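First the structure, in the form of structure tokens, and then the observations on it.
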2 protein chains.
Amino acid sequence: MKNCIQELRAARKWSQADLAEQLDVSRQTVNALERGRYDPSLPLAFRIARLFGVAIEDVFQP
Amino acid sequence: MKNCIQELRAARKWSQADLAEQLDVSRQTVNALERGRYDPSLPLAFRIARLFGVAIEDVFQP
DNA sequence: TGAAAATGTAAAGCGTGCTTGACATTCCTG
DNA sequence: CAGGAATGTCAAGCACGCTTTACATTTTCA
């Protein structure tokens, strides 16, 4: 499952640590998600989409 | 995280076993999801929404 | 250039998502 | 009413999501 978290984050000029704090996860989790090491849980996927103001389907692509 | 899997399934007159087969998960998983015992993985959430022809946000509510 | 910030990675540990197998209960319907 | 279908639930087991701690590498910029 691909995602464009890095692009959305970069567009806002946030560091991985900035994003992690807003999502209430660790910086390593943000890094792992951006690098495609694993998929987020559904609740985290909701928080991510909500933070960026887009639909889940706009952030993640199967 | 709430969901309306049961309503979507019932509207199609599918049994939990029917749905499980189409989603490629066990019947117990469908039952657990409908009863809110846990949330699905993101890939499974995508399969569920896609099967019902709706957005993930229409099936699951934080 | 050199120091600080940002990013990448690893290991160990905990909780959860999903499995199979089995069994109990409830619901249909012939 | 009887018997099968559908649903609910439990237990054991495996893989993954996320954590903390720690350290290496890359990037940025004064």
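Nothing here was measured: the structure is a model prediction, and the numbers come from that model. So you know, we letter chains A, B, ... as the sequences are listed, proteins then strands, and number each from 1.
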Roughly how far, to the nearest 0.5 Å, is CD1 of A:I48 from CD1 of A:I56? 9.0 Å

Starting at atom CG of A:L42, determine the distance to atom P of D:dC18, rounded to an integer number of angstrom. 10 Å

Side-chain donor or acceptor of B:N3 paired with backbone N/O of B:G36 under 3.5 Å: no

Please indicate whether B:R12 has more than 12 foreign heavy atoms, meaning atoms of other residues, nucleotides or ligands, lying under 6.0 Å from its CZ. yes

Could you give the CD-to-P distance, from A:E21 to D:dC18, as a whole number of Å? 18 Å

Would you mind reading off the distance between A:F46 atom CZ and D:dG17 atom P, rounded to a whole angstrom? 17 Å

Could you walk me through whether B:E21 and B:R27 pass the salt bridge (charged side-chain N to carboxylate O under 4.0 Å, His left out) check? CA-CA 8 Å; B:E21 187 178 1; B:R27 178 182 67 81; over 6 Å; no

Could you state the CG-P distance from B:L33 to C:dC18, rounded to the nearest angstrom? 6 Å

Show your reasoning for whether side-chain contact (heavy atoms from CB on, under 4.5 Å) applies to A:F60 and A:I5. CA-CA 8 Å; A:F60 303 92; A:I5 296 175; 4.2 Å; yes

Tabulated below should be each protein N or O lying under 3.5 Å from an N or O of nucleotides 5-8 of chain C; please produce it.
from  : atom 1 : to    : atom 2 : distance (Å)
C:dT7 : OP1    : A:R9  : NH1    : 3.1
C:dT7 : OP2    : A:Q16 : N      : 2.7
C:dG8 : OP1    : A:R35 : NH1    : 3.1
C:dG8 : OP2    : A:Q16 : NE2    : 2.8
C:dG8 : OP2    : A:N31 : ND2    : 3.2
C:dG8 : N7     : A:R27 : NH1    : 3.3
C:dG8 : O6     : A:R27 : NH2    : 2.9

A:K13 has an atom NZ; how far is it from atom P of D:dT28, in whole Å? 12 Å

Ignoring backbone atoms, establish whether A:T29 has a side-chain N or O less than 4.0 Å from OP1 or OP2 of D:dT19. yes

Rounded distance in Å - CG (B:L44) to C1' (D:dG17): 15 Å

Rounded to whole angstrom units, what separation is found between the OH atom of B:Y38 and the P atom of D:dG8? 13 Å

Expressed in angstrom and rounded to an integer, what is the separation of B:R37 atom CZ from C:dG15 atom P? 17 Å

B:S26 side chain near C:dC18 phosphate (N/O to OP1/OP2, under 4.0 Å): no

In terms of heavy-atom contacts, does CD of B:E7 have more than 12 from other residues, nucleotides or ligands at under 6.0 Å? yes

